[in-house]
Enquirer: 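Supplied in structure tokens, the structure appears directly below.
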Amino acid sequence: MCGIIGIVGTSEVAASLYDGLTVLQHRGQDAAGIATVDGARLRLHKGNGLVRDVFNQTAMSGLRGNIGLGHCRYPTAGSEGSAEAQPFYVNSPYGIAFAHNGNLVNTETLRREMFEDDRRHINTDSDSEVLLNVLAHELQIQDRMALTPDHIFKAVAGVHQRARGGYACLALVLGYGLLAFRDPHGIRPLVLGERITSEGREYAVASESVALDILGFKRLRDVEPGEAVFITNDGQLHARHCAEGAVHAPCIFEYVYLARPDSMIENVSVYKARLRMGQKLAEKILRERPDHGIDAVIPIPDTARTAASALAEALGVPFREGFVKNRYIGRTFIMPGQGERVKSVRRKLNPVELEFRKKNVLLVDDSIVRGTTSRQIIQMARDAGARNVFFASAAPPVRYPNVYGIDMPAASELVAAGHTEKEVEQMLGADWLIYQDLPDLVWAVQDGNEKLKHFDTSCFSGEYVTGLDKHYLEQIEMLRSDDAKASRRSA
């Protein structure tokens with residue numbers, strides 16, 4: 001889960017890229033970077049930290065040019081070191097700067113092919129660098145004396161044939177323009193927009209439409225699954241489907257947690273989808289406990305607030321803000337290690353005791369992943385004087401690793417894996433636990449766009465649309481568990 005944005009403008013784009021990254025910051029807080037093209041030269045600045053910390057006035061003044069891309073990183077593969085901050089760059093062919101959101105499931109095969117067959121060296125543990133080199137190789141075997149959009153689309157088709165997983169990518173090809181493409185299943189999101197200025201037409205491509213909104217770009221459409229969009233240096237837009245026949249299956253967890261509520265993904269309002277999640281959850285509560293005795297519905301800020309408000313309205317129960325959030329603490333889900341997540345909960349939330357005292361409260365969260373945060377929040381509610389603490393998840397139980405760019409790598413770290421809902425209820429210390437049913441979650445998103453027939457629901461269902469090689473899940477558990485990440489950080 002990273003944030004990416006690219007712009008082909010009629011004037012300097014660095015400030016717009018910076019502003020776009022700030023509203024994509026929720027997608028990654030580990031590192032950030034911007035690359036621009038200044039004539040025949042690539043300008044690049046990146047580093048660890050939040051967007052506001054990586055870029056100062058000096059850095060921004062050096063990012064000259066009318067075309068560029070930006071990235072904010074959330075590490076699911078590789079390490080958290082500054083060497084893996086993006087954009088990545090290779091100088092052959094042409095010079096290519098590259099930004100990637102997602103995760104490949106055949107990285108090691110591609111890494112071996114890069115070395116043995118393509119004679120390319122991969123310098124980091126990042127699958128993004130592998131993907132960049134696959135693209136570079138596919139461009140290199142085209143007619144380099146007269147690179148056209150047709151050659152570029154053939155190169156992307158070659159990438160699709162070799163790479164498996166979820167990926168949304170941006171590439172600056174020096175001397176030619178900005179390339180954007182999306183995996184054949186459309187797992188990770190990518191949206192295209194345009195802006196008309198006094199100087200001409202400008203284009204932007206970003207992970208979420210909210211980045212386009214803040215910059216004054218009109219959302220045109222999503223980049224389609226398997227499609228590549230190429231915008232030349234002079235602003236000419238070309239598009240082509242480079243992979244056919246795959247099942248369109250966008251990630252449903254984008255709507256549950258990852259995306260901002262003011263974004264549109266696949267022509268579905270994230271905000272409206274979350275309202276419908278709350279309505280469906282209320283219907284389940286009324287079926288299972290018509291005499292629920294709930295005195296107040298309290299959201300876990302911020303992602304669950306929309307679903308919780310709809311749930312409270314459907315139940316006819318007061319909606320109350322029972323937790324005050326410290327806005328200066330990052331999202332606990334994307335903290336790099338379990339220790340950081342544990343320490344951050346008490347720093348992040350503080351209860352309003354009057355909303356809990358002698359009440360039966362229903363706490364609502366978007367999902368329950370590791371369970372550590374939920375357990376602490378439930379105890380905080382009890383300490384604040386709640387009579388009974390019920391807990392509702394707007395998503396089904398997360399029982400399986402997500403392998404397409406979300407940090408759910410190890411089944412052993414998922415509280416619901418191998419446990420019944422009653423067992424999870426006891427592990428969390430709730431008086432009652434209720435989960436969303438998967439068909440209801442699918443309906444809540446699908447109702448916004450009936451053309452969507454399938455979703456990536458792998459973390460709930462265990463069904464992986466790309467297919468997985470034997471033992472792959474065991475391999476990523478060894479490489480990407482919290483213990484493995486802690487070991488790499490201390491090395």
Enquirer: With side-chain hydrogen bond (donor to acceptor under 3.5 Å, both in side chains) as the test, pick out the partner of His248 among Lys453, Glu266, His185.
Expert: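 Result for side-chain hydrogen bond (donor to acceptor under 3.5 Å, both in side chains) with His248: Glu266.
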
Enquirer: For the side chain of Gln86 and the backbone of His100, is there at least one donor-acceptor N/O pair under 3.5 Å apart?
Expert: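 Present.
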
Enquirer: Asn267 and side-chain hydrogen bond (donor to acceptor under 3.5 Å, both in side chains): which partner among Arg221, Lys451, Arg219?
Expert: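 Answer after filtering Arg221, Lys451, Arg219: Arg219.
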
Enquirer: Do Thr466 and Tyr404 make a side-chain contact, defined as non-hydrogen atoms from C-beta onward lying under 4.5 Å apart?
Expert: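 They are in contact (side-chain heavy atoms under 4.5 Å apart), so the answer is yes.
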
Enquirer: Are more than 12 heavy atoms, taken from residues, nucleotides or ligands other than Arg240, located less than 6.0 Å from that residue's CZ atom?
Expert: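 Atom CZ in Arg240 is packed in, count exceeds 12.
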
Enquirer: Return yes if some donor-acceptor pair links the side-chain N/O of Thr457 with the main-chain N/O of Ser461 below 3.5 Å, else return no.
Expert: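 Judged by distance alone, no pair lies under 3.5 Å.
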
Enquirer: Which of parallel (below 30°), tilted (30 to 60°) and perpendicular (above 60°) describes Tyr255 and Phe455?
Expert: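 Geometry flag for Phe455 against Tyr255: perpendicular rings.
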
Enquirer: Evaluate the side-chain proximity of Thr36 to Leu17: yes if any heavy-atom separation is below 4.5 Å, no if none is.
Expert: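 A side-chain contact under 4.5 Å exists here.
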
Enquirer: I'd like to know if Glu224 pairs up with Arg182 as an ion pair, taking the criterion as any Lys NZ or Arg NE/NH1/NH2 lying under 4.0 Å from an Asp or Glu carboxylate oxygen.
Expert: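 Salt bridge between Glu224 and Arg182, a charged N being under 4.0 Å from a carboxylate O: no.
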
Enquirer: Mind checking whether Glu194 and Leu237 have side chains closer than 4.5 Å, heavy atoms only?
Expert: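 The answer is no, as the side chains (C-beta and beyond) never meet within the 4.5 Å cut-off.
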
Enquirer: Begin from the C-alpha positions of Ile368 and Tyr435 and carry the test side-chain contact (heavy atoms from CB on, under 4.5 Å) through to its verdict.
Expert: CA-CA 9 Å; Ile368 305 169; Tyr435 281 103; 3.9 Å; yes

Enquirer: Hey, are the side chains of Cys459 and Ile406 touching, using non-hydrogen atoms and a 4.5 Å cut-off?
Expert: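 Heavy-atom side-chain distance check fails, nothing below 4.5 Å.
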
Enquirer: Salt bridge check: are Asp302 and Arg305 linked by an N-O gap of less than 4.0 Å?
Expert: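 A salt bridge is present here (some side-chain N lies under 4.0 Å from a carboxylate O).
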
Enquirer: Counting N and O atoms only, with roles assigned by atom type, does the side chain of His137 sit under 3.5 Å from a partner on the main chain of Val134, one being a donor and the other an acceptor?
Expert: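 Such a contact is absent between His137 side chain and Val134 backbone.
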
Enquirer: Does any N or O in the side chain of Asn101 come within less than 3.5 Å of the main-chain N or O of Ser207, such that one atom is a donor and the other an acceptor?
Expert: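 Absent.
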
Enquirer: Contact between Ile377 and Val345 at the side-chain level, heavy atoms closer than 4.5 Å - yes or no?
Expert: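 In contact.
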
Enquirer: Side chains of Asp234 and Thr232 only: does a donor on one sit below 3.5 Å from an acceptor on the other?
Expert: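 There is such a pair between these side chains.
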
Enquirer: Quick one: closest heavy-atom pair of Leu212 and Ala206, and the distance?
Expert: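 It is CD2-CB, 4.2 Å.
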
Enquirer: Can any side-chain N or O of Thr197 pair as donor or acceptor with the backbone N or O of Glu199 at less than 3.5 Å?
Expert: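 Here the side-chain-to-backbone pair exists.
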
Enquirer: Among Leu172, Leu131, Val90, Leu170, find the one that has a side chain to side chain contact (heavy atoms under 4.5 Å, CB included) with Phe98.
Expert: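 The passing option is Leu131.
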
Enquirer: Within the side chain of Asp366, is there an N or O that forms a donor-acceptor pair under 3.5 Å with the backbone of Ile300?
Expert: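 No: the side chain of Asp366 does not pair with the backbone of Ile300.
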
Enquirer: Give, for atom OH of Tyr400 and atom CG of Leu473, the distance between the pair rounded to the nearest 0.5 Å.
Expert: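 Tyr400 OH to Leu473 CG: 11.0 Å, rounded to 0.5 Å.
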
Enquirer: Measure the spacing between CG of Leu190 and OG of Ser209 and express it to the nearest 0.5 Å.
Expert: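 Here the interatomic distance stands at 11.5 Å.
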
Enquirer: Just say parallel, tilted or perpendicular for the rings of Phe181 and His160, cut-offs at 30° and 60°.
Expert: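 The arrangement is perpendicular - the two ring planes meet at more than 60°.
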
Enquirer: Do any N or O atoms from the side chain of Glu208 and from the backbone of Arg260 form a donor-acceptor pair under 3.5 angstrom?
Expert: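 Confirmed, Glu208 side chain pairs with Arg260 backbone.
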
Enquirer: I'd like to know if the side chain of Gln25 reaches the main chain of Val51, judged simply by a donor and an acceptor atom lying under 3.5 Å from each other, with no hydrogens or angles considered.
Expert: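 A pair under 3.5 Å: yes.
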
Enquirer: Do Arg27 and Glu254 meet the salt-bridge criterion of a basic N to acidic O distance under 4.0 Å?
Expert: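 Counted as a salt bridge, because a side-chain N and a carboxylate O are separated by less than 4.0 Å.
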
Enquirer: Go through Ile265 and Val191 one step at a time and tell me if the side-chain contact (heavy atoms from CB on, under 4.5 Å) criterion holds.
Expert: CA-CA 8 Å; Ile265 298 177; Val191 62; over 6 Å; no

Enquirer: Here's a test for you: under ring-ring contact (aromatic ring centres under 6.0 Å, His included), which of Tyr89, Tyr18, Phe55 qualifies with His45?
Expert: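 Considering Tyr89, Tyr18, Phe55, a ring-ring contact (aromatic ring centres under 6.0 Å, His included) with His45 is found only for Phe55.
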
Enquirer: With side chains defined as the heavy atoms from C-beta onward, is the minimum distance between Pro93 and Leu147 less than 4.5 Å?
Expert: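 Pro93 vs Leu147: side chains apart.
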
Enquirer: Can you check whether Thr10's main-chain N or O pairs, donor with acceptor, with Glu202's side chain at less than 3.5 Å?
Expert: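 Judged by distance alone, yes, a pair lies under 3.5 Å.
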
Enquirer: Checking side-chain contact (heavy atoms from CB on, under 4.5 Å) for the pair Val445/Met277: CA distance, chi angles, key distance, verdict?
Expert: CA-CA 8 Å; Val445 180; Met277 291 175 204; 4.3 Å; yes

Enquirer: Could you tell me whether the side chain of Gln142 and the main chain of Glu138 form a donor-acceptor pair under 3.5 Å?
Expert: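 The answer is yes, because a donor-acceptor pair under 3.5 Å joins these two groups.
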
Enquirer: Could you check if a side-chain atom of Ser16 sits within less than 4.5 angstrom of a side-chain atom of Arg195, using non-hydrogen atoms only?
Expert: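 Sidechains of Arg195 and Ser16: in contact.
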
Enquirer: Do the side chains of Ile67 and Val13 get nearer than 4.5 Å, heavy atoms only?
Expert: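 No - every pair of side-chain heavy atoms lies 4.5 Å or more apart.
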
Enquirer: I need the single residue from Val105, Asp456, Ile187 that forms a side chain to side chain contact (heavy atoms under 4.5 Å, CB included) with Val403. Which is it?
Expert: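 That would be Val105.
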
